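Quick caveat, the model's predicted, so the values are computed rather than measured.
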Amino acid sequence: MTTVAVKPATMAQALTRALRDAMAADPSVHVMGEDVGTLGGVFRVTDGLAKEFGEDRCTDTPLAEAGILGTAVGMAMYGLRPVVEMQFDAFAYPAFEQLVSHVARMRNRTRGRMPLPITIRVPYGGGIGGVEHHSDSSEAFYMATPGLHVVTPATVADAYGLLRAAIASDDPVVFLEPKRLYWSKDTWNPDRPTDVEPIGRAAVRRPGRSASLLTYGPSVQVCMEAAEAARAEGWDLEVVDLRSLVPFDDETVCASVRRTGRAVVVHESGSFGGPGGEIAARVTERCFHHLEAPVLRVAGFDLPYPPPMLERHHLPGVDRILDAVARLQWEAEG
Amino acid sequence: MTTVAVKPATMAQALTRALRDAMAADPSVHVMGEDVGTLGGVFRVTDGLAKEFGEDRCTDTPLAEAGILGTAVGMAMYGLRPVVEMQFDAFAYPAFEQLVSHVARMRNRTRGRMPLPITIRVPYGGGIGGVEHHSDSSEAFYMATPGLHVVTPATVADAYGLLRAAIASDDPVVFLEPKRLYWSKDTWNPDRPTDVEPIGRAAVRRPGRSASLLTYGPSVQVCMEAAEAARAEGWDLEVVDLRSLVPFDDETVCASVRRTGRAVVVHESGSFGGPGGEIAARVTERCFHHLEAPVLRVAGFDLPYPPPMLERHHLPGVDRILDAVARLQWEAEG
Amino acid sequence: MTVMEQRGAYKPAPPPAWQPRTDPEPLLPDAEPYRVLGTEAAAKADPELLRRLYAQLVRGRRYNTQATALTKQGRLAVYPSSTGQEACEVAAALALEDRDWLFPSYRDTLAVVARGVDPVEALTLLRGDWHTGYDPYEHRVAPLSTPLATQLPHAVGLAHAARLKGDDVVALALVGDGGTSEGDFHEALNFAAVWQAPVVFLVQNNGFAISVPLAKQTAAPSLAHKAVGYGMPGRLVDGNDAAAVHEVLSDAVRRARTGGGPTLVEAVTYRIDAHTNADDATRYRGDAEVQAWRDHDPIQLLERELTGRGLLDEAAVQAARDDAEAMAADLRERMNRDPELDPMDLFAHVYAEPTPQLREQRALLRAELEAEQEGGHR
Amino acid sequence: MTVMEQRGAYKPAPPPAWQPRTDPEPLLPDAEPYRVLGTEAAAKADPELLRRLYAQLVRGRRYNTQATALTKQGRLAVYPSSTGQEACEVAAALALEDRDWLFPSYRDTLAVVARGVDPVEALTLLRGDWHTGYDPYEHRVAPLSTPLATQLPHAVGLAHAARLKGDDVVALALVGDGGTSEGDFHEALNFAAVWQAPVVFLVQNNGFAISVPLAKQTAAPSLAHKAVGYGMPGRLVDGNDAAAVHEVLSDAVRRARTGGGPTLVEAVTYRIDAHTNADDATRYRGDAEVQAWRDHDPIQLLERELTGRGLLDEAAVQAARDDAEAMAADLRERMNRDPELDPMDLFAHVYAEPTPQLREQRALLRAELEAEQEGGHR
Ligand SMILES: Cc1ncc(C[n+]2csc(CCOP(=O)(O)OP(=O)(O)O)c2C)c(N)n1
Ligand SMILES: Cc1ncc(C[n+]2csc(CCOP(=O)(O)OP(=O)(O)O)c2C)c(N)n1
Ligand SMILES: [Mg+2]
Ligand SMILES: [Mg+2]
């Protein structure tokens, strides 16, 4: 194989490549959903798959999310590995019963005899000017559902690696794709994709000593910017990209917080009942005596996602993160 | 009116009475759901209502939860106050899209022009030997949905008072009824029901000085027993019954924790991504310097609810609560 | 009695519960979509009504082109055009009385406007300054519903509530061909039939759900054939024939109003434009198909009928066009002004009273905004 | 071309997309439920098959009474009896080949057992020692599904997958009359028809969903009339006539297997017992109705036919009863033993590998159990 230059690729392209490679490697992988075939998906993530693998492997389904996930369950029962696309976060809700009552439970129900290796791709989050119902952060629902893995990439390389891992997993994985990162680019060699990322490992994206920003998906980039800006204030922030919400990488996260003694959880999802509560609580349980200040949360407000023209006020940005860092009781230290 | 002796009543009876009184007081109150009419509901909570108010006011619907909640939305749009029964926790999931995408958002969507005064009664939790899908604790899903109130009684009097308040509320209320308390009795005068309880106030069920048990619904009684047992170990535990998960009574809860300096959150729901994370995180944010130990959680395991013969190992009991209390770093104090 | 003694005693009988129920025959749709324009039936149509429909169609088409233009100018986040479907949109609005309710799907801004809602307020959702821009109670128009088919049970519930209150109000709910696949469609129609609610369901079968053609959506003889399975009549109509759609809907509305229960109407039409301005329809359909439907244009169909019968002169045509241009100019002008936004509105309507938690968050945002105003934050 | 020039140019034409699709006629059910027993058709039925059905019915009835008795003895948490519906349960199991799949609803333990699953394993869910007690792959029986109608899309998906893999496997899915109101019913049937999946849906219309009678569930002429709305045939059959149910299902299975696509079968039957042992049916129905159905008992219907035609003698009847008694005795005996339980199993199957979080929780429980064993905790 000739060496190919490392070229910038978008996250959407890396996802497409992951699907393609998974389908090529394993004939039991089937992609299904609304508009995933001829159109290639509304975000073009499934572009070209129907052409390359045929409509039986990449199928435009009728418009019914419970039907999509429910038939995927049956297909998985018969040995296939369905990769389901939910067109937008809020349009996964009609499939909620199938997800919670069957997808998450079938393995347990049958004492491991009937695992369901289903990947459920859900474009999620805001920041793209979407009208109502197109910008939900629904990860709290999935985290509260035992039996599911919940994974979300923040980099182009992870998009590839984690999606391959999700498809290879013998358990159902909710794969949350940050919409506003679809067109983010990175130098990533599509002809030498990274290895499959194991699910369940957080990554320290930026080492730092003052405090830990614990974040994932769409907010990782914001935290990186905040960490950059924080240098001017004399703070050296560590940024931890969780990557996998379930299982949760307590080890990496707690190691970081024990090192820094301070932490802020950052996510777009609403604060109340959102992922940050779990993260803050478990970090505090495990690192209490290392903490100089309570773990704070910077999150979306507790509202239905705002209309496009107001979303910038809702989304956690650099300033709000720095404000939280400032509240980490630095006086108490000196 | 002649004085009537205070007689023991069950929580189910108090709920029935609340529905009856609400229907008598306000002709716009309509009860609807599966088997709520002729049968009076599988838990008999709607017993007698169809007879007294007619089938148009207490209606046996077709078997379709999204249809039930969706038509209730339309009825509320036209000025009625629907009280919807979901037969069991897990059977509310088919209505999830209607709940999250419409019920919780209609007021906000329309700038307050179209409020939806809908009460959604959901029998929840385990401990009754129910087979699969009949014992879910689904409160985390509702807490993570802005626009909903989430309320759950632990006493016979609260069952009446909070349900009246829920029905009177101009906002949608998810009213979680702890299944295993349906037949719990209390001396409560059904002819002089307490006033409507305002939604959003926690209640200190047992004052104490050593540590606070923060709990709600089915676990309140367990915590009371634990507090009793703890006396033998020299601990004087305070039991706080949250009653309302949304809105959350930070004031009462934090006052308790500031007093005691230690807290354990107790609930049946799974731990990971469950209500306890939010509660522990917000208490820690607000009371950090009063805390002698991290806020701990005693919760159900992170599994699909177990089969009846194993549920006792899953449910938080007195021993597990006392073990957690013992871990509250008492040594550090002395 | 032993089994031997029973010998010969058995007389065949249908299972006890089996009673001849509703006669299915009248519930089935005709084999072909009903048409008025260009047929005998046209002669019976009220000329005044046809002219009103015509003016509205012209206006509606112009509305679609104007709104699409506004997306190009960045004045709308997105616009799902109903070009080609104006007959359905307009007839739906005109078939209702003032006291009735319209339940639109996300594509039906035009029906909302035809019902009387201010065109700018109708576009709030798609401009993005709020979700629903109009007061649903002013013209009795429910919010445009983005989650497909979810508005159908709302319509049923509202119609049922009106009937319980003794009001002779009818609800008309719109849904697409794709939306008929959703569980909510099924549940709504079933509730409507069981309750005999005064509601009319209009399926605009425009051939596509984004890129997915009808053949991948259903194998039914027609979508109207679903009706019999609920015990309500199903009607099939040429969705580009405004007179036919109006007549079929008006009949259904009348039936509903007089206690006859719900009706399912399938209007066969076509989405001439792409799904939205952001979609590229060439990825999934050819020009020839689009052209065939352009030749069956709802405005032209009605225009030919009217002019053919001498009911419309050039002056009237020009008047309709002028009216449409004026509407478009007004829309353009008002949409080109930036909407006034108050970020604090985020907290105003989540609950009747903000929770303590929201009050905290509101204070945070207020402080941020004040700091911003005081000349830059950090 | 001005509007004036167009005058007279208009020729009526149906909308371009309108093509005569599936002929609805053959998809519609007959006006009356199909029957075999006591009719001409009975003569054509295979006597061997009828005798097999008979033996299974007798066994099935005994299974129902035995399981109900076990609830009284506290050996089962709950039992939803299918007494009165044995013809459907048994025919469903017998209409399938070994390689086919059965998708039962929560009431269908009997069909599961008739398919060959061990009666004790079939009762695990209702005894409460685990959820699904049997290996679904052993007899190709999906887990008993408690959330109503949710198993139907599973059946469609499985059948579709088998077809994609080139296996001539058919899935038969059971659902109640109440379950047909759920959105999942609709979505499953639609997917099945669009994909032409080899699946058969059997609705056991037993007149009730717990307390709710069919008239409050649907206004349709019959549930079988729903089929045409998906583009599949709907068949109506006397659900107490085992020969008829078996024939209709076998036809549908054959059709599915040979590429003919899905079928919806409505079997009209009756739930003789209360919803479960915990239910009190006198609250919502009268004795007379129950008695009318007792007179149309599936076992008696078949017994009379067989004995009337000399195909069954007293010895054969006795043999069937003896076999049923032996099954019941075995069931009683084995169900009276306490199941062996290991609480640590709670953590064994949540994921292929327990998460770190579950490992922590498992350690906690293990420590508790050890402390308990060591003679009491606290
Ligand atoms: C529940 C739900 N799923 C998916 C979507 C995304 N979506 C928006 S429009 C559309 C196609 C709708 O097709 P159809 O019902 O035929 O209406 P049309 O667009 O043709 O007017 C889809 C899939 C949605 N809005 N709601
Ligand atoms: C989604 C869902 N909603 C509600 C229930 C509660 N429930 C259990 S059985 C039943 C009635 C079912 O009626 P039907 O479908 O006719 O089946 P049958 O009981 O007559 O066999 C109900 C409402 C459930 N199991 N699942
Ligand atoms: Mg369409
Ligand atoms: Mg039934």
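- When the heavy atoms of residues 104-113 of chain C are compared with those of chain A, none of the residues falls under 4.5 Å.
- Proximity to chain A (any heavy atom under 4.5 Å) is restricted, for Leu341(C), to the side chain, taken from C-beta onward.
- Separation of the His186(C) and Tyr230(C) ring centroids falls under the 6.0 Å cut-off.
- Judged by the 6.0 Å distance and 45° axis criteria, Arg359(C) is not positioned over the aromatic ring of Phe347(C).
- Ranked by heavy-atom pairs under 4.5 Å with chain C, the list Asp302(A), Leu310(A), Thr38(A), Thr61(A) is led by Asp302(A).
- Heavy-atom pairs under 4.5 Å with chain C peak, among Glu65(A), His314(A), Glu34(A), at Glu65(A).
- In this structure, the portions of Val212(C) lying under 4.5 Å from any heavy atom of chain A include both its backbone and its side chain.
- Residue Asp342(C) qualifies as enclosed at atom CG: its count of foreign heavy atoms under 6.0 Å is above 12.
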Could you walk me through whether Val36(A) and Val45(A) pass the side-chain contact (heavy atoms from CB on, under 4.5 Å) check? CA-CA 8 Å; Val36(A) 298; Val45(A) 170; over 6 Å; no

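- Between Glu121(C) and Arg334(C) no salt bridge is recorded (no basic side-chain N to carboxylate O distance below 4.0 Å).
- Counting heavy-atom pairs closer than 4.5 Å to chain A, the top-ranked of the candidates Thr146(C), Thr150(C), Val78(C) is Thr146(C).
- Seen from the ring of Trp293(C), Arg271(C) does not count as a face-on cation partner, given the 6.0 Å and 45° thresholds.
- Interface check for chain A: of the options Lys216(C), His275(C), Arg362(C), the most heavy-atom pairs under 4.5 Å are formed by Lys216(C).
- Note that OH of Tyr351(C) is 9.5 Å distant from CG of Leu303(A), once rounded to the nearest 0.5 Å.
- Of the two parts of Phe91(A), only the side chain, counted from C-beta on, holds a non-hydrogen atom closer than 4.5 Å to a non-hydrogen atom of chain C.
- The most heavy-atom pairs under 4.5 Å with chain A, out of Gln217(C), Arg127(C), Gln361(C), come from Gln361(C).
- Ranked by non-hydrogen atom pairs under 4.5 Å with chain A, the options Val350(C), Asp345(C), Thr180(C), Asp184(C) are led by Val350(C).
- If you measure heavy-atom distances from Pro306(A) to chain C, the contacts under 4.5 Å come from both the backbone and the side chain.
- With a threshold of 4.5 angstrom between heavy atoms, Ile210(C) approaches chain A through its backbone and through its side chain.
- Residue Ala77(C) touches chain A through its side chain alone, counting heavy-atom pairs closer than 4.5 Å.
- A salt bridge links Asp338(C) to Arg75(C): at least one charged side-chain nitrogen sits closer than 4.0 Å to a carboxylate oxygen.
- If you measure heavy-atom distances from Asp279(C) to chain A, the contacts under 4.5 Å come from the side chain alone.
- Annotation: Tyr284(C) is in aromatic contact with Phe208(C) [ring centroid separation under 6.0 Å].
- Remark: Asp47(A) does not engage Arg20(A) in a salt bridge, criterion side-chain N to carboxylate O under 4.0 Å.
- Checked against the 6.0 Å centroid criterion, the rings of Phe88(A) and His133(A) do not qualify as a close aromatic pair.
- Here the OG-OH distance, from Ser138(A) to Tyr93(A), works out to 4.5 Å after rounding to the nearest 0.5 Å.
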